[in-house]
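In this chain, numbering begins with 1 at the start of the sequence shown. Everything numeric in this text was worked out from a predicted model, so none of it was measured.
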Amino acid sequence: MEKVGVYCRLSDEDRFKKNKNDDSESIANQKSMLLKYALDQDWEVVDIYSDDDYSGAGVERPDFNRLINDCENGRINIVLCKTQSRFSRDMEVIERYLHNKFIEWGVRFVSIVDNADTNNEANKKSRQINGLVNEWYLEDLSNNVKKSLKNKREDGLFMGSFAPYGYMKDPNDKHKLIIDENVAPIVREIFEKYKNGELSGKYKNKLFFINRLDSVNCLNGLFCIAE
């Protein structure tokens with residue numbers, strides 16, 4: 001009997017998760033489809049490998065690497081996925097494993113939806129074309145994300161992870177900054193001293209904020225200057 005490793009992957013966190021440790025609905029659906037297919041083929045499912053919230057680019061995925069290790073060690077001889085892109089969207093990874101290492105290790109790759117099967121030499125070109133299309137998808141997605149972020153910044157939206165000192169993210173709109181009234185007096189005093197020339201030129205851009213209570217020999221216990 002064939003020994004199968006079922007591999008599932010989803011890039012984005014599913015909004016319907018009960019908590020961050022739950023499998024996403026899409027991952028659950030992939031598992032259900034793949035297990036039914038394996039049962040229909042009379043294959044033994046040795047293990048299920050699942051990478052939820054991981055990109056298909058590269059190989060930095062914990063269960064992907066566990067799958068590859070089991071393939072190399074002979075624990076499984078078929079890798080079963082919903083589509084080739086679930087395994088990887090990186091053409092280099094597709095070539096390295098589907099068309100090289102898996103052949104060396106005696107492992108067959110099968111994906112259901114796009115009919116990829118490394119036992120069928122005739123569809124090798126189709127697998128390679130799929131690999132290129134999936135890689136182009138990643139490139140287009142990356143470019144679209146960059147353009148989207150650029151447009152949002154140009155529209156005046158804050159896109160950083162952390163608000164700069166003196167500001168905080170608006171609780172009602174994470175892309176809007178509002179003044180942090182807890183530290184606003186400190187910031188205003190700093191700028192007032194700067195405006196009045198109380199800071200020498202070589203120090204103007206070298207302010208390091210410290211807690212007033214811990215200040216020693218600093219301007220009014222407000223900020224410290226470092227060379």
Q. Shortest non-hydrogen contact from Lys3 to Val46?
A. CB-CG2, 3.6 Å
Q: Applying side chain to side chain contact (heavy atoms under 4.5 Å, CB included), run through Val79 and Leu67 and close with a yes or a no.
A: CA-CA 8 Å; Val79 173; Leu67 170 75; 4.0 Å; yes
Q) What distance separates Arg61 CZ from Asp52 CG, expressed to the nearest 0.5 Å? A) 12.5 Å
(Q) Looking at Arg188 and Glu192, is any side-chain nitrogen of the basic one under 4.0 Å from a carboxylate oxygen of the acidic one? (A) no
Q | Closest heavy-atom pair and its distance - Val110, Arg108 | A | CG2-NE, 3.5 Å
**Q.** For Glu2, all residues meeting side-chain hydrogen bond (donor to acceptor under 3.5 Å, both in side chains), sequence neighbours excluded
**A.** Asn77
Q: Would you sort out whether Lys82 and Val113 count as a side chain to side chain contact (heavy atoms under 4.5 Å, CB included), showing the intermediate values?
A: CA-CA 6 Å; Lys82 178 182 177 182; Val113 175; 3.7 Å; yes
(Q) With a 3.5 Å distance limit and no angle check, can you tell me whether Arg9 reaches the backbone of Cys81 through a side-chain donor-acceptor pair? (A) no
(Q) Looking at Asn65, is its backbone amide N or carbonyl O close enough to the side chain of Asn69 to form a donor-acceptor pair, meaning the two atoms are under 3.5 Å apart? (A) no
**Q.** Hydrophobic cluster partners of Met168 (side-chain heavy atoms under 4.5 Å)
**A.** Ile178
Q: Show your reasoning for whether side chain to side chain contact (heavy atoms under 4.5 Å, CB included) applies to Ile68 and Phe102.
A: CA-CA 9 Å; Ile68 295 300; Phe102 281 5; 4.0 Å; yes
Q. What are the two closest non-hydrogen atoms of Lys174 and Lys169, and how far apart are they?
A. O-CD, 3.7 Å
Q) Taking C-beta and beyond as the side chain, do Arg86 and Cys8 meet within less than 4.5 Å on heavy atoms? A) no
Q | Exercise: identify the closest heavy-atom pair between Leu34 and Val6 | A | CD1-CG1, 3.4 Å
Q) Do Ile27 and Tyr37 share a hydrophobic cluster (ILVMFWY, side-chain heavy atoms under 4.5 Å, transitive)? A) no
Q) Do the side chains of Ile103 and Thr118 get nearer than 4.5 Å, heavy atoms only? A) no
Q | Value rounded to 0.5 Å, distance of NZ in Lys101 from CZ in Arg96 | A | 9.0 Å
Q.
Quick one, Tyr7 and Leu80 - any side-chain contact, counting heavy atoms below 4.5 Å?
A. no
Q: For Gln84 and Asp114, work out which heavy atoms get closest and say how close.
A: N-OD2, 3.0 Å
**Q.** Smallest separation among heavy atoms of Ile76 and Cys71, with atom names
**A.** CD1-SG, 3.6 Å
Q: Determine, for Arg66 against Asp47, whether the closest basic-nitrogen to carboxylate-oxygen distance falls under 4.0 angstrom.
A: yes
Q: Check the side chains of Tyr54 and Asp63 for a donor-acceptor pair under 3.5 angstrom, ignoring hydrogens and angles.
A: no
**Q.** Side-chain heavy atoms of Tyr167 within contact of Asp180, under 4.5 Å
**A.** no
Q. Does CD in Glu104 sit with more than 12 non-hydrogen atoms of other residues, nucleotides or ligands closer than 6.0 Å?
A. yes
Q. Would you say Leu10 and Met33 are hydrophobically clustered, going by side-chain heavy atoms of ILVMFWY under 4.5 Å?
A. no
Q) So, Asn29 and Ser26: side-chain donor and acceptor under 3.5 Å apart, yes or no? A) no
Q | Heavy-atom donor-acceptor pair, Ser88 side chain to Val93 backbone, under 3.5 Å | A | no
Q) Is any side-chain heavy atom of Phe109 closer than 4.5 Å to a side-chain heavy atom of Asp117? A) no
Q) So do Ile48 and Leu35 actually touch side chain to side chain, heavy atoms under 4.5 Å? A) yes
Q) Is the ring centre of Phe87 less than 6.0 Å from the ring centre of Phe64? A) yes
Q) Got a sec, which residues hit side-chain hydrogen bond (donor to acceptor under 3.5 Å, both in side chains) with Asp70, two or more places apart in sequence or on another chain? A) Tyr49, Arg75
